[in-house]
Structures are given as C-alpha cells and as structure tokens.
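What follows is a set of notes on a single structure, which appears directly below.
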Number of protein chains: 2
Amino acid sequence: MTTAPTTPASLRDRKKIRTRRLLQEHALRLFADRGYAGTTVEDIAAAADVSPRTFFRYFASKEAVVLEDEYDPLLFERMRRIDPREPPVGAMRRIIASLLPDIYAEDRDRILARSRLVYGTPELASAVNGQLTGFERLLAGTLAEVHGRAPDDLEARVVAAVSVAAMRCAIEQWVAADGAPDLGGLLDQAFDVVERGLTLG
Amino acid sequence: MTTAPTTPASLRDRKKIRTRRLLQEHALRLFADRGYAGTTVEDIAAAADVSPRTFFRYFASKEAVVLEDEYDPLLFERMRRIDPREPPVGAMRRIIASLLPDIYAEDRDRILARSRLVYGTPELASAVNGQLTGFERLLAGTLAEVHGRAPDDLEARVVAAVSVAAMRCAIEQWVAADGAPDLGGLLDQAFDVVERGLTLG
DNA sequence: TGTCTTATGGCATCGTCTGACGCAATGCGC
DNA sequence: GCGCATTGCGTCAGACGATGCCATAAGACA
C-alpha cells in the first residue's frame with residue numbers, strides 16, 4: 001500500500017498519531033477479547049493510558065474507533081476521474097480491481113479481523129451501513145455529474161446503490177468464508193449477476 | 001389495508017394496545033415538533049402519562065418507536081410463495097405492485113411523514129438500513145430456497161441486495177419529492193435500470 | 001527563558017437503557 | 001362475588017456513552 005513517507009512533522013503531531021493508533025489497537029484487541037459490548041470506553045482509555053475524555057477527542061464515538069477506514073478516500077478519488085463513455089459498472093469493477101492487490105498485500109488480515117468484528121456486532125454492522133450510504137451518495141453524485149444529469153437523478157442513484165450493494169455482498173461473503181476465496185473472484189461473480197440483469201445463472 | 005377485525009381480547013390486552021399506540025403517536029408528534037434529538041424518552045413518557053421505564057417495556061429503544069412497521073411481515077409472506085420459474089426481479093415488482101395500492105390508499109400520508117422524519121435524522125436513517133438488511137437476508141434465504149441453492153449462495157444474495165437497494169432508491173426519491181410522483185412509476189424506473197444491467201438510459 | 005498555543009485531565013451533567021423490587025390491577029377458578 | 005396467581009407498572013439505583021467547561025500541563029516558537 002506504499003504508505004506515503006509522511007514526515008512525522010512535529011513532536012506534538014507524532015504523539016497524536018501515536019495516541020490515535022494506540023487507542024485503536026487496544027480497542028480492537030479488547031473488543032476481540034471481551035466483545036464490543038463487554039468493553040467500555042473507560043477500559044480502552046485505561047489500556048491506552050489516557051483519560052476517557054481524551055478518547056472522545058480522537059474518536060467521535062465508540063463505533064468510530066472501529067469504522068475508521070483509510071481506503072474510502074482513495075476509492076472516492078478514483079471515482080471522480082471516471083470516463084463518461086465507460087459503462088458505470090465496468091468502471092467500478094476496474095477501479096476496485098486496481099485497488100485490491102495493494103490492500104490485499106498489506107492489510108488483508110487486519111481488514112479481515114476488523115470485518116469479522118463488524119459483521120458479528122449488529123450495532124457496528126448498522127453503523128457500517130451508514131458509512132456505505134455516504135459512499136453511495138457520493139458515488140451517485142459523481143456519476144450524475146460525469147454523465148451530465150441532475151444531482152438527484154434516480155437512475156444514477158440506482159446504479160450507485162446497486163453497485164455498492166453488489167460490492168457489499170461480495171465482501172460479506174468473503175468475510176463469512178474467513179477470507180478463504182479470492183475477493184476479486186467474488187466481486188466478479190457479484191457484478192456478473194448485476195450486469196446480466198439480475199438473473200440467476 | 002383491510003386490517004383484520006382482531007377482537008380486542010381481554011381488557012389487559014386492550015390497554016396494552018392503547019398504551020402502545022399512545023406512545024407512538026405522542027412520540028411522532030413530539031419528534032415533528034421539537035425534532036428527534038430534541039425530544040427525550042422522558043418527554044414521550046410524560047405525554048403518554050406513563051413512566052419512562054414503561055416506555056422501554058413497549059419499545060426496545062427510542063428508535064424503535066419510529067421504525068415499527070406493520071408491512072414487512074406482509075411482504076415476507078408473499079415472498080415465500082414465489083414461483084421458481086418466475087424471474088426474481090419480476091416477482092419483486094409484481095408483489096410490490098400488488099401491495100402498493102392498499103398502502104397508498106390507507107396510510108400514504110402517515111408513511112410519508114414518518115419517512116421524512118427517518119431520512120431527515122441520520123440516526124434513524126442508519127437504523128432503517130439495519131432493518132432493510134434484515135429484510136434482505138430473509139429475501140436472500142427465500143430466493144435461495146425457492147431456487148434450490150445453498151442458503152448463503154452469493155448470487156441469491158446479490159439479487160436480494162440489489163432488489164432491496166433499487167426499492168430503497170425509489171422510496172427515497174419519492175420521499176424527497178414529498179410524495180409528488182407516483183411511487184409505482186419510480187419503482188418501475190428503478191427496476192428497469194436494474195433489469196437492463198445497470199446502464200444509464 | 002518566557003510566552004503563546006494546544007492537548008489533556010477532571011468534573012459535572014444529560015440522556016439512553018437495564019436490573020431489581022414492591023405494589024396494584026387484571027384474569028380466573030371457585 | 002372471593003381469593004389466588006399472573007402480570008403490568010412505578011420507583012429506585014446505576015452503568016455507560018457522550019458533551020461542555022475550566023484549569024493545567026506539554027509542546028511550539030521567539
């Protein structure tokens with residue numbers, strides 16, 4: 001994932017980054033140990049050796065510490081550059097496929113663990129849906145703009161919503177199978193169903 | 001909506017039904033007045049003249065008082081009777097179309113008001129997504145069963161997820177336009193996009 | 001070193017939600 | 001009607017998430 005070298009800047013900034021990472025790591029460890037509901041923000045703060053108040057300065061909510069995702073911005077960035085002549089679904093496939101290898105190489109296990117936690121915890125699953133909705137909205141807007149349609153165009157929204165839904169299915173399946181099958185293959189399968197107009201093979 | 005006459009049964013049961021309805025009505029009224037966040041469970045309980053503790057005996061959460069929906073079971077029921085030879089999307093269209101007139105006639109305004117509240121309140125929007133996920137899962141299971149596939153079949157899940165997504169888009173559009181366009185027409189438009197493999201017209 | 005900025009901790013508070021317990025209303029067999 | 005079992009409800013106490021406020025400590029900068 002060729003994380004940019006990002007000079008640590010000042011001591012202050014380095015500390016902030018460190019605290020943030022500490023909080024997230026301890027949180028995920030504790031969640032895995034005692035479950036999400038069985039872990040309080042106080043526990044996490046204590047483990048990271050900061051006050052509970054400070055936890056909420058880094059994360060807007062207990063959920064946020066799990067949902068923070070560094071890949072969304074990347075995906076957005078690429079979406080914005082879609083060629084209007086390219087069929088929407090094809091574009092989605094291509095972009096995801098181009099992002100996947102990097103993610104796979106570097107963060108596969110971390111993402112898998114986090115996903116297991118998310119899908120095993122109703123509250124988190126619901127929250128991640130909210131996140132996907134945001135993504136969907138942005139995607140719909142981009143699609144509408146690229147194709148010269150009104151910002152709230154129904155067809156653009158459907159394309160966006162359906163693409164996200166297909167993607168989500170593939171990922172869920174992947175997580176459910178403990179990351180055993182190739183995610184790229186599952187995504188292809190899912191998008192194939194969509195492209196042939198939702199008929200069962 | 002030809003609500004079954006359902007004899008009121010015992011006095012106790014009638015009281016329970018009454019309290020439940022009271023809580024829900026006052027809640028929706030207060031939410032409309034002061035907003036969702038601006039209304040506390042204590043307010044609702046006071047308006048309905050019960051203790052806050054009692055509120056939670058009727059509704060599992062503050063959200064639940066909004067999300068309670070009497071149509072889901074109906075939709076489920078019809079889904080279960082799908083003919084395997086019928087294309088899945090066509091079946092969805094047909095079932096929804098058959099349900100719509102009744103809902104439209106009786107509860108259109110109530111549903112519209114509730115939907116406005118839900119989509120205008122991020123927390124509720126997220127919660128309703130969770131509800132849709134449940135519906136999606138059930139639909140996927142039914143589809144898989146009807147077509148003789150494994151319960152977690154990816155294609156069945158994609159079909160379910162995508163159908164629900166398309167439906168959701170149409171409804172959101174309908175609500176955003178204040179119920180002005182015909183919901184049936186929007187649903188047709190949305191499903192058309194899906195059936196032609198997600199190409200923009 | 002001295003000063004300005006900013007991150008943090010502590011405290012208080014609100015709101016959601018849950019468990020425990022006792023009381024009162026209802027249902028029911030007589 | 002009467003007495004007993006059932007059950008719905010209010011009260012109390014409390015955990016937990018989340019936020020505002022203020023004092024203080026740590027880092028930035030000259």
Side-chain angles (χ1 to χ4, degrees), chain A residues 7-24 26-28 30-31 33-68 117-118 121-128 130, chain B residues 7-24 26-28 30-31 33-68 117-118 121-128 130:
Chain A
T7 336
S10 64
L11 169 67
R12 201 173 249 173
D13 289 348
R14 267 177 287 146
K15 264 195 161 177
K16 276 174 75 173
I17 292 172
R18 190 174 150 277
T19 305
R20 185 181 200 78
R21 257 220 359 252
L22 258 171
L23 279 170
Q24 205 161 32
H26 281 293
L28 291 175
L30 288 171
F31 290 159
D33 275 13
R34 326 178 187 169
Y36 180 76
T39 307
T40 69
V41 171
E42 205 182 335
D43 294 337
I44 303 170
D49 202 37
V50 295
S51 78
R53 190 67 188 80
T54 295
F55 175 93
F56 287 107
R57 289 211 174 82
Y58 281 89
F59 299 96
S61 67
K62 188 183 173 187
E63 289 167 357
V65 79
V66 183
L67 300 182
E68 204 95 323
L117 173 63
V118 168
T121 313
E123 314 165 57
L124 290 176
S126 173
V128 93
Chain B
T7 335
S10 64
L11 170 64
R12 210 172 239 173
D13 288 348
R14 268 178 286 144
K15 268 194 161 177
K16 277 173 71 172
I17 292 172
R18 191 175 150 277
T19 305
R20 185 182 198 77
R21 256 221 359 252
L22 258 171
L23 279 170
Q24 205 162 32
H26 281 293
L28 292 176
L30 289 171
F31 291 160
D33 276 11
R34 326 178 187 170
Y36 181 76
T39 308
T40 68
V41 171
E42 205 182 337
D43 295 336
I44 303 170
D49 203 36
V50 296
S51 79
R53 189 68 184 85
T54 295
F55 175 92
F56 288 106
R57 288 210 176 84
Y58 282 89
F59 298 96
S61 67
K62 188 183 172 187
E63 289 168 358
V65 78
V66 182
L67 300 181
E68 205 96 324
L117 173 63
V118 169
T121 313
E123 314 165 57
L124 291 175
S126 173
V128 92

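Both backbone and side-chain heavy atoms feed into the values below; hydrogens, waters and symmetry mates do not. To find a chain, count down the sequence lines: A is the first, B the second, and so on, and within it residues start at 1.
- The interatomic distance linking A:Lys16 (NZ) with D:dA26 (C1') rounds to 13 Å, in whole Å.
- Between A:Arg53 and A:Arg57, some side-chain heavy-atom pair lies under the 4.5 Å cut-off.
- In this structure, the separation between CD1 on A:Ile44 and CZ on A:Phe59 is 9.0 Å, given to the nearest 0.5 Å.
- Rounded to a whole Å, the CD atom of A:Glu42 is 11 Å from the C1' atom of D:dG17.
- With rounding to whole Å, B:Arg18 atom CZ is found 15 Å from D:dG8 atom C1'.
- Look at CZ on B:Phe59: it is 16 Å from C1' on C:dT16, rounded to the nearest Å.
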Output one line per pair: protein atom, nucleotide atom from nucleotides 1-5 of chain C, and distance, for all N/O pairs under 3.5 Å.
| from | atom 1 | to | atom 2 | distance (Å) |
| --- | --- | --- | --- | --- |
| C:dT5 | O2 | A:Arg12 | NH2 | 3.4 |

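- Following rounding to the nearest Å, A:Phe56 (CZ) and C:dC14 (P) show an atom-to-atom distance of 18 Å.
- Between B:Glu42 and B:Phe55, the closest side-chain pair of non-hydrogen atoms is not below 4.5 Å.
- Checked against D:dA28, C:dG27, C:dG9, the side chain of A:Leu11 finds its nearest nucleotide in D:dA28.
- Annotation: the span from B:Thr54 atom OG1 to B:Leu23 atom CG amounts to 8.5 Å, rounded to 0.5 Å.
- For the atom pair CD of B:Glu123 and OG of B:Ser61, the computed distance is 10.5 Å after rounding to the nearest 0.5 Å.
- Between the side chain of A:Thr19 and the backbone N or O of A:Lys15, at least one donor-acceptor pair lies under 3.5 Å.
- The residue among B:Lys15 and B:Arg53 whose nearest nucleotide of DNA chain C lies closer to the 5′ end is B:Arg53.
- Protein atom CD of A:Glu63 is 11 Å distant from nucleotide atom P of D:dG17, rounded to whole Å.
- Neither OP1 nor OP2 of C:dG10 sits under 4.0 Å from any side-chain N or O of A:Ser51.
- Atoms CZ (A:Arg57) and P (C:dG9) sit 8 Å apart, rounded to a whole Å.
- Rounded to a whole Å, the OH atom of B:Tyr58 is 18 Å from the P atom of C:dC17.
- When heavy atoms are screened at a 4.0 angstrom cut-off, B:Thr40 is found touching the sugar-phosphate backbone but no base atom.
- In this structure, CG in B:Leu124 is found 8.5 Å from NZ in B:Lys62, a value given to the nearest 0.5 Å.
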